[in-house]
Number of protein chains: 2
Amino acid sequence: MNPDVLRGHMDALLLSVLEREPLHGYAIIEALQERSGGALNVPTGTVYPALRRLERIGYLASEWATVGGRKRRTYRLTDAGRKQLEGERSAWREFTNVIGGVLRANAVAPG
Amino acid sequence: MNPDVLRGHMDALLLSVLEREPLHGYAIIEALQERSGGALNVPTGTVYPALRRLERIGYLASEWATVGGRKRRTYRLTDAGRKQLEGERSAWREFTNVIGGVLRANAVAPG
DNA sequence: GCCTACATATAGCCAGCCTACATGTAGGCT
DNA sequence: AGCCTACATGTAGGCTGGCTATATGTAGGC
């Protein structure tokens, strides 16, 4: 998958994957891979900065935890994040409708 | 529409709008607006460089014409462009399936 | 001791869409 | 004449955000 097309959709992906349950960065990457059937291999250099940005904005909150001797920063959706996710979903629908509509509009000129 | 999300889809949009008939830059912008129901207002600074890039790659070819005293550069799809458009369409389908799938996968964890 | 998986983090690169500006014609209104 | 809007093309430079490359450290298998 060409990385360019992820532009502007990372936030939606991250918020969406955290909707069900809180996860730490590494697990988020794995979750994205699983849910996309292996199509999404988002590098750590994309995910970690994005998570921090989303926390700074207020859509996510995090706590440190130590599991099996390893430190994890576990992220969860805030109320604002949950609301934002709704917005991201409707923006996604509009986006696909608009672009998809143009791509499909290859029939004979109307009227 | 957040400009970021157009990233990586401009080529598909331009090729698609030229599939039916050759058009000049200004008309392409209008066609995108019409076909998107007004949602797509792509600025000239995006379209003209993109058209030149697509011509350089070989997906488009152009000729100058004078209509009503105004000069137009009319672009048309090449065979390579037509082939590329097919690729862009299937890439679009895959893209929407992958992202859309993740955004919708908010149910309880499977099995 | 070495390698892989797990886990987080940052500096700097780069593609490509956008803003702002430059240039010019045609035609309407005053 | 002067001004404005629509038509029409083009470029320089900026910005943004995802990616590459790298650094750091633990746990466990071979």
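Letters A, B, ... mirror the listed sequences (proteins, then strands); counts begin at 1. Because the structure is a prediction, the values reported are computed rather than measured.
- Side-chain nitrogen and oxygen atoms of B:R72 include at least one within less than 4.0 Å of the OP1 or OP2 phosphate oxygen of D:dA8.
- Residue A:G69 is classed as a sugar-phosphate contact, given heavy-atom separations below 4.0 Å to backbone atoms only.
- In this structure, B:W64 places its CH2 atom 13 Å from C1' of D:dC7, rounding to the nearest Å.
- Test A:V17, A:L14, A:L51, A:L15 against A:Y75 for side chain to side chain contact (heavy atoms under 4.5 Å, CB included) and you get one pass: A:L51.
- Under the 3.5 Å distance criterion, the side-chain polar atoms of B:R20 are matched with a main-chain donor or acceptor of A:A105.
- For B:L54 and C:dG16, the CG to P distance is 11 Å, given to the nearest whole Å.
- Not one side-chain nitrogen or oxygen of A:Y48 sits closer than 4.0 Å to the OP1 or OP2 atom of C:dA9.
- As judged by a 4.0 angstrom heavy-atom cut-off over every strand, B:G45 is placed among the base-contacting residues.
- Toward the 5' end of DNA chain D, the nearer of the two residues A:G68 and A:A50, judged by each one's closest nucleotide, is A:A50.
- One cannot find a donor-acceptor pair under 3.5 Å joining the base of C:dA7 and the side-chain atoms of A:T44.
- Judged by atom type and distance alone, A:R7 reaches the base of D:dT16 through a side-chain donor-acceptor pair under 3.5 Å.
- Environment of CG in B:N2: crowded, with over 12 heavy atoms of neighbouring residues, nucleotides or ligands closer than 6.0 Å.
- Residue A:E30 is the one, among A:R52 and A:E30, whose nearest nucleotide of DNA chain C lies closer to the 5' end (criterion: closest heavy atom).
- Atom CD of B:E55 and atom P of D:dT9 are 13 Å apart (whole Å).
- OP1 and OP2 of C:dA15 both lie 4.0 Å or more from every side-chain N or O belonging to B:R53.
- Side-chain atoms of A:R73 do not come within 3.5 Å of backbone N or O of A:S62 as any donor-acceptor pair.
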